[in-house]
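Note that this is a predicted model, so its numbers are computed, not measured. We use all heavy atoms of the structure for the numbers below, so side chains are in, but hydrogens, waters and symmetry mates are not. Throughout, protein chains are lettered first and strands after them, A, B, ... in sequence-line order, and every chain is numbered starting at 1.
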Amino acid sequence: MALLTCRDLSLGYDGREIVSGLNFEINSGDYLCIVGENGSGKSTLMKTILGLETPLGGEIVFGDGLKQTEIGYLPQQTLVQRDFPASVREIVLSGCSGRAGLRPFYSRDDKRRAAENMERMDISDLASRCYRELSGGQQQRVLLARALCATGKMLLLDEPVSGLDPRVTAEMYNLIRSLNRDDGITVIMISHDVDEAISYATRVLHIGKDVFFGTREEYLGSEAGFLYGKGSDSHGGDA
Amino acid sequence: MAAMLDKLVRYFSLPGVQRAFPAGVLIALCSSLLGVTLVLKRFSFIGDGLSHVAFGAMAIATVLKLSNNIPLVLAITIICAILLLRTGQNARIKGDAAVAMISVGALAMGYLIMNLAPKSSIRTGTLASDVCTTLFGSTSILTLTRTDVILCAVLSLVVVAAFVVFYNKIFSVTFDESFAKATGTRTGLYNLIISVIVAVIIVLAMNLVGSLLISALIIFPALSAMRVFKSFRSVTVCSAVLSVICAVIGLLVSILAGTPVGSTIVAADIVAFAGFSAAGAIIRGIKK
Ligand SMILES: Nc1ncnc2c1ncn2[C@@H]1O[C@H](COP(=O)(O)OP(=O)(O)O)[C@@H](O)[C@H]1O
Ligand SMILES: [Mg+2]
């Protein structure tokens, strides 16, 4: 059975539809890349999978013993946390908040988990540093370590490399790929730069006027992939 | 100097002051605890609105000539806190508009009720001075009844205990509510708990500094601590310590100089804020 199946899903807010007719399934170990124009509903899809928004129609089915709350999430960057006084350790540890349930304090196990994930993301030396004083790349590693505290099975990443310079972007993609390949974590990632992002993906979901779901090779040969790939090339200015 | 000491000793031999002093310090301690949460989350507006609700409730309690006002005021404020949280989640009425409506409404009704009541039902002094006491806490904590003071102290301890127990959850929900909810933290429950704690803190703070200065008592220590400290725990501890020190200084000065308790404590908080801002700037300068 698939880890996650979406059937005839339609998404939107307050009854106003943004996307409809989404059909896809993801198996354990897949690396799915979601692409599409700004405002096409990629983040909305992620929030709906996480249960933060309710679908307007259709259904999302979890299989293989995956629970909805066992998904790690790296949100699209917001300005909300810019002024928040928090150390790296505090933030990573808060990833264990869900698994702690009603238990008020973190167990030794939770703390070990947080330490391991900081080690994994190579941020152990930043543990007592203030989150808001870190570079963009370091901040994303912190949030990734937090997401890993919440899951060992599936990660949802919403534009994890936006605003990062090319070198840090490449590092981030490598990190995500190794989580997928070496640790067997299923990855669903939203990305803006198609060419680079989908080079590691096993599957691609394109959201927009026409919806596409298939393997990377199929996508690159498809009309949507062709047009969108072309569209993203014109970022330089001359359309 | 000797004269000042003499005056303090005379004051502290009064049973009212002996009770009020520790109660005031406890209230200052617990009001500072949720400062960061209130500053950085949408709760800040709710906090301001609720302080007006507490004022309106106090007016009703005064007119009803209750022997102690706190239980009624507490009940009304907690109910409003829960209602405001609900409307905030319901997109139909914008959360901010609802808060504004309730807070201004409560303020107007409170003043109206105090005016409508026959003069005799107001316990002390003229109407104007009574309204003034409720708004600015002119002498409040020092003139509270014995039961009220004990109730304040007990409630403060309950707030501190609740804060310690829910500390990690409060951090998760305040730092990133979506992540917390997505990964299985019961954000609805903890938002409710935070709202109730905020309501209790507001009622307590009103008894120390009066309803108009509540936000200052809650927010200044956190803002000061955030200038210098960088982790949630250090900011929380620092603002609690700072708030207690400012309350002690404020209470002593107000006794010695005869100034109103509430504004003296808030003045001490403002001085501390200026000091911490300067310290923060210097530390940042050294790092560069
Ligand atoms: N909370 C919300 N309420 C109403 N509309 C929203 C909300 N969030 C996003 N939208 C709208 O939904 C559409 C899709 O948004 P989003 O999923 O964020 O797009 P993407 O992530 O693909 O750029 C946009 O038109 C946006 O304006
Ligand atoms: Mg988005």
Side-chain angles (χ1 to χ4, degrees), chain A residues 13-14 43 46-53 67-78 80-107 110 127-134 143 146-151 154 156 158, chain B residues 35-42 44 89-92 161-190 193 219 221-239 276 280 283-284 287-288:
Chain A
Y13 298 91
D14 308 319
S43 297
M46 236 175 220
K47 288 186 215 158
T48 311
I49 293 174
L50 289 163
L52 298 173
E53 302 288 342
K67 290 202 212 92
Q68 190 169 45
T69 53
E70 284 176 349
I71 303 176
Y73 177 40
L74 192 131
Q76 190 164 10
Q77 285 200 329
T78 52
V80 181
Q81 297 136 5
R82 274 292 128 87
D83 293 324
F84 204 97
S87 70
V88 169
R89 186 183 290 110
E90 288 175 323
I91 292 172
V92 175
L93 199 51
S94 76
C96 297
S97 162
R99 76 174 52 237
L102 292 176
R103 174 159 48 81
F105 303 107
Y106 293 121
S107 65
D110 293 332
S128 348
R129 288 277 300 278
C130 176
Y131 174 76
R132 60 185 165 170
E133 288 170 356
L134 301 179
L143 297 186
R146 174 182 69 162
L148 287 169
C149 282
T151 188
M154 186 188 257
L156 263 59
D158 196 342
Chain B
V36 177
T37 310
L38 279 155
V39 172
L40 293 174
K41 249 198 120 170
R42 67 201 148 84
S44 61
Q89 284 161 350
N90 174 350
R92 200 76 47 77
F163 181 80
V164 171
V165 169
F166 295 114
Y167 172 85
N168 288 317
K169 305 296 181 189
I170 291 173
F171 175 85
S172 301
V173 172
T174 318
F175 180 72
D176 190 345
E177 184 168 347
S178 301
F179 177 89
K181 189 171 178 196
T183 54
T185 304
R186 296 173 59 176
T187 50
L189 173 69
Y190 296 116
I193 290 172
I219 286 169
L223 286 178
S224 305
M226 278 162 63
R227 292 281 157 149
V228 173
F229 290 95
K230 305 294 179 197
S231 74
F232 189 66
R233 175 171 306 196
S234 57
V235 166
T236 304
V237 171
C238 171
S239 49
F276 273 70
I283 291 170
R284 254 172 314 210
K287 272 192 186 161
K288 275 175 196 154

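For a residue to count as touching a neighbouring chain, one of its non-hydrogen atoms must lie under 4.5 Å from one of that chain's; by this rule I91(A) touches chain B with backbone and side chain alike. Contact of L74(A) with chain B is not made at all, since no heavy-atom distance falls under 4.5 Å. Interface residue R233(B): backbone and side-chain heavy atoms are both found under 4.5 Å from chain A. For F166(B), no part lies under 4.5 angstrom from a heavy atom of chain A. Contacts between E70(A) and chain B at a heavy-atom distance below 4.5 Å are absent for every atom of the residue. Both the backbone and the side chain of V165(B) have a heavy atom closer than 4.5 Å to some heavy atom of chain A. Of the atoms belonging to Y167(B), it is side-chain heavy atoms, and not backbone ones, that fall under 4.5 Å from chain A.
Between chain A and the options T185(B), V36(B), V164(B), the largest number of non-hydrogen pairs under 4.5 Å is found for T185(B). When L156(A), L102(A), V88(A), I49(A) are compared by the number of non-hydrogen pairs under 4.5 Å with chain B, L102(A) comes out ahead.
Evaluation of the ring-ring contact (aromatic ring centres under 6.0 Å, His included) rule for Y73(A) yields no partner, not counting sequence neighbours. Residues forming a ring-ring contact (aromatic ring centres under 6.0 Å, His included) with F171(B) (at least two apart in sequence, or on another chain): F84(A), F175(B), F232(B).
T183(B) approaches I71(A) most closely through the heavy-atom pair CG2-O, 3.5 Å. Here the closest non-hydrogen pair linking A150(A) and F179(B) is CB-CZ, 4.2 Å. S178(B) approaches L52(A) most closely through the heavy-atom pair O-CD2, 3.6 Å. Contact detail for N168(B) and P104(A): the closest heavy-atom pair is ND2-O, 3.3 Å.
When side chains are defined from C-beta on, L143(A) does not count as touching D176(B), because their heavy atoms never get closer than 4.5 Å. Taking 4.5 Å as the limit, some side-chain heavy atom of K230(B) sits within range of a side-chain heavy atom of R132(A).
Distance check, rounded to the nearest 0.5 Å: CZ of R284(B) to CD of E133(A) gives 8.5 Å.
The closest donor-acceptor contact from the side chain of K169(B) to the backbone of G101(A) lies under 3.5 Å.
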